[in-house]
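Please read the structure below before turning to the comments.
In what follows, chains carry the letters A, B, and so on, assigned in the order in which the sequence lines appear, proteins first and then strands, with residues in each chain numbered from 1.
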Amino acid sequence: MPRIPRAEALLPTRALPAASLPCDGGVGPRRARGRLPRAHVERRPKQPHRRRGPQAPRGPQAMELTQDPQLYRMRHSLAHVLAQAMQRYRPGALLGFGPPVDDGFYYDFILPEPISEDDLPALTKLMEEIVKERQEFHYEDLPAEEALARLRAMGEPHKEEYCRELIEKQGLETIRFYRNGPFVDMCEGPHLEHTGQLPKGCFKLHSIAGAYWRGDERNVQMTRVYGWCFKDRKQLRAYEKAREEAKKRDHRKLGKELDIYVIDAEHVGKGLPLWLPAGAVLCDELEKLAREWEFQEGYERVRTPHLTRGTLYRQSGHLDLYRESMFPGMHLPDEGGERPEDAYYLKPMNCPHHHRVFAARPRSYRDLPLRLAEYGTVYRYERSGTLQGLTRVRGMCMNDAHIYITEDQITSEFVRVMELHRRYYELFGLSGYHMRLSLWDPDDPKGKEKYVDDPENWQKTEDLVRRAMQEVGLPFVEVKGEAAFYGPKIDVQLKTVGLQEFTISTNQLDFAVPPRMGLKYVAPDGSEQVPYCIHRAPLGTHERFVSFLIEHYGGAFPTWLAPVQVRLLPIAERHLDYADKVCAALRADFVRAEVDRSSERFGKKIALGRTRKIPVLLVIGDDEVAQEAVTVNRYGIKEQRTLPVEAFRAQLAREIRARAHAKTWEDIDRLD
RNA sequence: GCCAGGGUAGCUCAGCGGUAGAGCAGCGCAUUCGUAAUGCGCAGGCCGUGAGUUCGAAUCUCAUCCCUGGCUCCA
């Protein structure tokens, strides 16, 4: 049985003048803890010589956290309080990492007895007691060998392992230990002066999760206890409220309420959504948008099959570098061969097919840039635990295109692609996004399995993309180890109302696959050259983009996107004929209009129209029939207007054509 | 795939060893009504699936499938 550290015996202590402690700007994880905040985290520290605490050993950019040093200390200190409570609650608990995070803190343990969420109230109580004790935080720095010896004495093998690494790999000469009350932890700090500085009600333990030691699934799985922590009870409440609000907008909830999609795991399969009519409208409108804008940008559309011989993927490199994400191959009875390339595969990407389109005839430099676009459906094998609503699926339809260019055209074309992004984002009113330049990681131990092995070209293309980004003037962050296997990526990271961050679209500069596939064009001097290829998907996939739009608009779509754009509400049965007539006229304009033929009371018709979030409800009563008019009741706008039918048709047509997101009558008037 | 928690009517959920419940949605009848929910009635469930314990299982045990929150991985 491992001992609980008896700090008094171990530590000569020294009071810590908290105010004088520099707040470390770069340490510690900072990862938002939403449902989806995956990746986006660098594997190793950028500043290798930075002193690092026992927090999760991940990258810097603790922006949000370190903006408020006091909050950082509160969260960091609470992690220690949690660990101390756990050692009381489960004597023998071993420690992993326990860092602050964007909305609180967590601590990883190896427990002699498992716990469940039912144990959280008891743990909370213990923590509150520790807070009441006003335990002071003290630290001391030990020379490397002593530090290791102490951790061994404490019986903390994981801490010891990390300590050894700090010493050996990062060259630290001393290791800092913090003590509060009976609890000692190897930790860099900073901490509060004492636990009494934690206001009552400022934290809440909220979940338990498994987490691999050092984030590597080959390692032991620890039990992670998560807590939220804010400045005071009020701010914690506000945060909890924001989370509840976000939950109401969850696309899985709204998707059900608004009949957008279902996932029928039993009959169809996990991660393979069925788009219901309302959802199909959303996809169709997005495709129409992409078709129009891509046409204007000089793209040409192609179509390619969902099933393809392995030969193609052998050549493209997918069978070597992307196979884990592919559905297993199918061997056909009338085609022999046992090799992987003899099988047929559901396509995981559209690019190899587009490359074959490129190769379908000889190409000249005059053809370039050649922009091939397709809303292509791809299938990827995602592990079951990763699937989630529409945001993580196994079959998805991508707003894909591949642009074949000469080296000289890389920058200008990349700029065009980014401008197109900007145009889309403006249309959807997106502002909370940032660009991420995702780079190859030369130090990744698994790099040979993940990336084409061509350091020179990685370097070159990364520089080119970086330059292009600087040229467009879009701010971006660089992250190692997130590149595609064939080249650097520009991912667009979006923070949603649900407080999660995820990749909404992605663009890559591919230097590797075109040569592998023997793509060539004839240059002005008659020589054969290999094109570069830009992969781009500004609207990502229907699945993810629609899930985002649902949450972004809270299900109240702008008129051009709305599955039902207009619902006509006859006040009494005698108004039905007129309503039908107006509805028919609207449908002749390709407006998605319908008549509420129910025998409900009028108030209920309004209520139902509201809950469906239909942009326009038309009130049809005696007055309207007499005047050949409609009374327009718009979602989110109090004031109603009565307009002649023809005027309404014209106005609606303008709004839809402009793909406007009208929130007031003034917005609509401006379109006239 | 791994850790934790859950699957009861189309949806949201109650019941947690003793004859399956509610609200909403659906259907029928009445109501025809001017801005957020009319009344009455009907129908709807092998309590995820399979095995076990028990006189008796939605309820306890085990397995399995799926969902949710995390971890890992990705658009």
Side-chain angles (χ1 to χ4, degrees), chain A residues 31 33-40 56 106 108 111 114-120 206-226 247 250 252-253 256-257 259 262-266 269-270 322 324-325 348-349 378 380-394 396-400 450 482 484 489 491-494 502-508 535 537 539-545 547-548 569-576 598-611 617 619-624 631 633 638 640:
Chain A
R31 175 169 194 325
R33 235 203 106 258
R35 270 172 290 141
L36 253 191
R38 356 210 90 128
H40 328 130
Y106 66 80
D108 290 339
L111 299 176
I115 61 166
S116 76
E117 290 187 10
D118 297 337
D119 296 296
L120 295 183
H206 62 87
S207 61
I208 290 180
Y212 302 107
W213 168 240
R214 322 251 357 221
D216 188 328
E217 64 183 326
R218 290 167 301 194
N219 289 342
V220 61
Q221 185 155 27
M222 304 180 131
T223 303
R224 175 171 299 178
V225 178
Y226 276 108
K247 244 185 175 167
D250 190 313
R252 289 167 298 189
K253 181 173 151 69
K256 219 177 256 179
E257 282 171 17
D259 291 319
V262 291
I263 292 178
D264 182 347
E266 188 187 346
K270 289 166 97 148
Y322 203 73
E324 270 181 26
S325 298
M349 288 190 190
V378 297
R380 297 185 185 170
Y381 172 71
E382 303 276 2
R383 296 202 282 177
S384 62
T386 66
L387 300 175
Q388 202 182 44
L390 287 178
T391 38
R392 255 333 251 296
V393 292
R394 285 176 170 168
M396 67 210 98
C397 190
M398 269 189 124
N399 170 229
D400 218 350
K450 280 167 68 178
E482 298 285 341
K489 291 203 280 191
D491 290 324
V492 182
Q493 299 304 112
L494 192 76
F502 63 89
T503 305
I504 190 80
S505 42
T506 182
N507 311 276
Q508 297 116 27
H535 305 234
L539 298 179
T541 63
H542 278 328
E543 286 71 16
R544 187 169 283 186
F545 206 80
S547 77
F548 160 72
L569 312 181
I571 285 173
E573 216 164 294
R574 64 179 178 279
H575 308 122
L576 259 176
S598 70
S599 59
E600 299 293 348
R601 295 172 64 194
F602 185 68
K604 177 134 184 203
K605 291 183 184 179
I606 291 275
L608 290 177
R610 285 274 165 279
T611 51
L617 299 178
V619 180
I620 312 281
D622 291 338
D623 299 347
E624 286 77 11
T631 292
N633 180 312
K638 253 210 175 121
Q640 292 190 148

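- The base-pairing partner of B:G34, taking Watson-Crick or G-U wobble contacts with both distances under 3.5 Å, does not exist among the strands shown.
- Comparing B:G34, B:A75, B:C33 against the side chain of A:T503 picks out B:A75 as the nearest.
- For the pair A:R544 and A:R392, the minimum side-chain heavy-atom distance is below 4.5 Å.
- Comparing the C1' positions of B:G48 and B:C67 gives a spacing of 10 Å, expressed to the nearest Å.
- The nearest heavy atom of RNA chain B to A:A607 and to A:V393 marks one nucleotide each, and the one closer to the 5' end goes with A:A607.
- With a 4.5 Å cut-off on side-chain heavy atoms, A:N399 and A:F545 do not count as touching.
- Judged by distance alone, with hydrogens and angles left aside, A:R218 brings no side-chain donor or acceptor close enough to the base of B:U72 to form a pair under 3.5 Å.
- Out of B:C33, B:A36, B:G70, the shortest distance to the side chain of A:T611 is found at B:A36.
- Taking 4.5 Å as the limit, some side-chain heavy atom of A:V378 sits within range of a side-chain heavy atom of A:M396.
- Side-chain atoms of A:F602 and A:L569, non-hydrogen and from C-beta on, do get closer than 4.5 Å to each other.
- Using a 30° and 60° split on the angle between ring planes, A:Y106 and A:Y226 fall in the perpendicular class, above 60°.
- Picking from B:U72, B:G70, B:A75 the nucleotide with the shortest atom distance to the side chain of A:M396 gives B:A75.
- Counting only heavy atoms from C-beta outward, the side chains of A:R574 and A:D622 approach each other to under 4.5 Å.
- In this structure B:U68 sits in a base pair with B:A4, meeting the Watson-Crick or G-U test at under 3.5 Å.
- In this entry B:G45 has no Watson-Crick or G-U wobble partner, no candidate having both defining distances under 3.5 Å.
- Between B:C11 and B:U68, the distance separating the two P atoms is 14 Å to the nearest Å.
- Using a 4.0 Å heavy-atom distance criterion, A:L608 is classed as a base contact.
- For A:D491 and A:K489, the salt-bridge test passes: some basic side-chain N is under 4.0 Å from an acidic carboxylate O.
- In the set B:C73, B:U35, B:U72, B:U35 carries the atom at the smallest distance from any side-chain atom of A:I606.
- The same atom, P, is picked in B:A14 and in B:U8; the two are 10 Å apart, to the nearest Å.
- Atom name C1', nucleotides B:G15 and B:A57: the rounded distance is 14 Å, in whole Å.
- For B:C67, the OP1/OP2 oxygens have a side-chain nitrogen or oxygen of A:K270 closer than 4.0 Å.
- By the side-chain hydrogen bond (donor to acceptor under 3.5 Å, both in side chains) test, A:N633 pairs with A:R610, A:Q640, sequence neighbours left out.
- Of the nucleotides present, B:G10 is the one that pairs with B:C24 by Watson-Crick or G-U wobble criteria, both distances under 3.5 Å.
- Counting non-hydrogen atoms under 4.0 angstrom, A:Q640 reaches a base of the nucleic acid.
- OP1 or OP2 of B:C33 sits under 4.0 Å from a side-chain N or O of A:R574.
- For the residue pair A:S325 and A:E382, no side-chain donor N or O sits within less than 3.5 Å of a side-chain acceptor on the partner.
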Could you write out each protein N or O paired with an N or O of nucleotides 28-31 of chain B at a distance under 3.5 Å?
| from | atom 1 | to | atom 2 | distance (Å) |
| --- | --- | --- | --- | --- |
| B:U31 | O4 | A:S599 | OG | 3.0 |

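- Of the candidate nucleotides B:C66, B:A75, B:G69, B:G69 has the atom lying nearest to any side-chain atom of A:S207.
- What separates CD1 of A:I115 from P of B:G5 is a distance of 10 Å, to the nearest Å.
- B:C73: no Watson-Crick or G-U partner with both key distances under 3.5 Å is found in any strand.
- Nucleotides B:C60 and B:G5 place their P atoms 14 Å apart, quoted to the nearest Å.
- The nucleotide B:G39 finds its pairing partner in B:C29, both defining distances of the Watson-Crick or G-U wobble pair being shorter than 3.5 Å.
- When distances are taken from the side chain of A:E217 to each of B:C33, B:C71, B:U72, the shortest belongs to B:U72.
- A:G621 comes within contact range of at least one nucleobase, with a heavy-atom separation under 4.0 Å.
- In this model, the phosphate group of B:A25 is approached by a side-chain N or O of A:K604 to a distance below 4.0 Å at OP1 or OP2.
- Where A:D491 and A:K605 meet RNA chain B, the nucleotide closest to each residue was compared, and A:K605 sits on the side nearer the 5' end.
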For nucleotides 7-13 of chain B, 5' to 3', base contacts (B), sugar-phosphate-only contacts (S) and non-contacts (-) with protein non-hydrogen atoms under 4.0 Å give ----SS-

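- Across all strands shown, B:U19 forms no Watson-Crick or G-U wobble pair with both key distances under 3.5 Å.
- Between the side chain of A:Y212 and the base of B:G70, no donor-acceptor pair under 3.5 Å is found.
- Nucleotide B:A51 is matched to B:U61 when pairs are restricted to Watson-Crick or G-U wobble geometry with both distances under 3.5 angstrom.
- Atom pair A:L387:CG and B:C66:P shows a separation of 10 Å (rounding to whole Å applied).
- The closest side-chain heavy-atom distance from A:S599 to A:E573 is not below 4.5 Å.
- Contacts of A:A211 with the nucleic acid, taken as non-hydrogen atoms under 4.0 Å apart, involve only primed sugar atoms and P, OP1 or OP2.
- Across B:A22 and B:G45, the matching C1' atoms stand 14 Å from one another, rounded to whole Å.
- Judged by distance alone with a 3.5 Å cut-off, no donor-acceptor contact links the side chain of A:Q388 to the base of B:U68.
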**Prompt:** Checking side-chain contact (heavy atoms from CB on, under 4.5 Å) for the pair A:T541/A:V393: CA distance, chi angles, key distance, verdict?
**Reply:** CA-CA 10 Å; A:T541 63; A:V393 292; 5.9 Å; no

| task | Report the C-alpha separation of A:R394 and A:Y381 in whole Å, then their side-chain angles, then the decisive distance to 0.1 Å, and conclude whether the side-chain contact (heavy atoms from CB on, under 4.5 Å) test is met. | result | CA-CA 6 Å; A:R394 285 176 170 168; A:Y381 172 71; 3.6 Å; yes

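- The side chain of A:E624 approaches B:G34 more closely than any other nucleotide in the set B:U35, B:G34, B:A75.
- Using a 4.0 Å heavy-atom distance criterion, A:K247 is classed as making no nucleic acid contact.
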